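A quick note: this is a predicted structure, and the numbers were derived from the prediction, not measured.
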Protein chains: 2
Amino acid sequence: METDSYMSELRERGYRITGKRREILGYLLRNDRYMSARELIEYMKDRYPTMSYETVYRNLKTLRDEGIIEESQFADNEAKYRMACQSGHHHHYICVACGQTMVIEHCPMPELCVPDGFQVLRHRFEVLGYCQNCRAVESK
Amino acid sequence: METDSYMSELRERGYRITGKRREILGYLLRNDRYMSARELIEYMKDRYPTMSYETVYRNLKTLRDEGIIEESQFADNEAKYRMACQSGHHHHYICVACGQTMVIEHCPMPELCVPDGFQVLRHRFEVLGYCQNCRAVESK
DNA sequence: ATTAGTGCAAAAACTTTGCACGAGC
DNA sequence: GCTCGTGCAAAGTTTTTGCACTAAT
């Protein structure tokens, strides 16, 4: 199972493997889209009644710091998370309704002439809209 | 004064012109960079002691909804605001330390093949880093 | 005179933290 | 056994809201 390889990797970096950490990562793995901590908490509370939101927040932070998941803020004031892409650098079409993503292979960075003195840390290119599914729902 | 033309525009759209609204817009106009509501409030409290943070938040929301200012979240969990660019579509280099921006003329959108069924609402291309000034400060 | 804007107080929404206990190694 | 992870409680931070009063039109 894919979760296991991530877990082994975490163990190698000195983290422990707990059922809850595994469950959180598993849910992110099974759902290839952006989701909020709140959403994750609600799901977890059902399936895993002793799961607390602090645990979710702490694990999300850990997973993000270890580069296993990505964080973005594209709606409201809450952060959203998804599995970090393992397959090379790219960007995303993001559905603002369901968080589903599609890959944008093209990265605009190589074409830029970065101004003298500006030190690039990171960049963000996101195309936001409705995916086919949510578009149908919205227009009904 | 430039603030006046924005104010007239707001009045034409049914909003009223108040000293505080004018002051907020004026500060955004004089400072061509991203700033947080918190920053704006702190400045306002000094110069305009009766200014409350609710007023700042409400005005920022109004100005954003009217397309007069732009909102973005590129650091922490707080939204940042700046005057919306009037001069054609473009993107920005953004200094994560001071919020200062530089224009990126190139927009990657025309080069994209948007997937069938995806309805584009908006897009975001931001290059984040340190501007020349803040880079010097950071590395000292 | 009418209604939008404001301040106050409160709350909502999201996130973090200190501490003690329990679980993974 | 040692230490990390967790739950609890609490607090921090950012943002929103109901209500009554003030001010712009």
Phosphate OP1/OP2 of C:dT6 contacted by B:Thr50 side-chain N/O (<4.0 Å): no
OP1 or OP2 of D:dT6 under 4.0 Å from side-chain N/O of A:Thr18: yes
A:Tyr48 side chain near A:Thr55 side chain, heavy-atom distance below 4.5 Å: no
Sugar-phosphate only, base, or nothing, as touched by B:Asn59 at under 4.0 Å among non-hydrogen atoms: sugar-phosphate
Whole-Å distance separating the CZ atom of A:Arg16 from the C1' atom of D:dG1: 11 Å
Interatomic distance, B:Arg22 CZ vs D:dA24 C1' [rounded to whole Å]: 13 Å
Taking every non-hydrogen atom, the tightest pair across B:Cys131 and A:Phe118: CA-CD1, 3.9 Å
A:Met51 vs B:Gly19, nearer the 5' end of DNA chain D by closest nucleotide: A:Met51
Sidechain-backbone polar pair: A:Gln86 side chain, A:Ala84 backbone, donor-acceptor under 3.5 Å: yes
Flag, side chain of B:Lys20 to backbone of B:Thr50, donor-acceptor distance under 3.5 Å: yes
Residue B:Arg11, side-chain heavy atoms: nucleotide from D:dG5, D:dT25, C:dT3 that is nearest: D:dT25
Test side-chain contact (heavy atoms from CB on, under 4.5 Å) applied to B:His123 and A:Val127, A:Ile94, A:Ile104, the passing residue: A:Val127
Mutual orientation of the aromatic rings belonging to B:Tyr34 and B:His92 [parallel < 30°, tilted 30-60°, perpendicular > 60°]: perpendicular
Heavy-atom protein contacts under 4.0 Å, nucleotides 11-19 of chain D, coded B base, S sugar-phosphate only, - none: ---SBBBB-
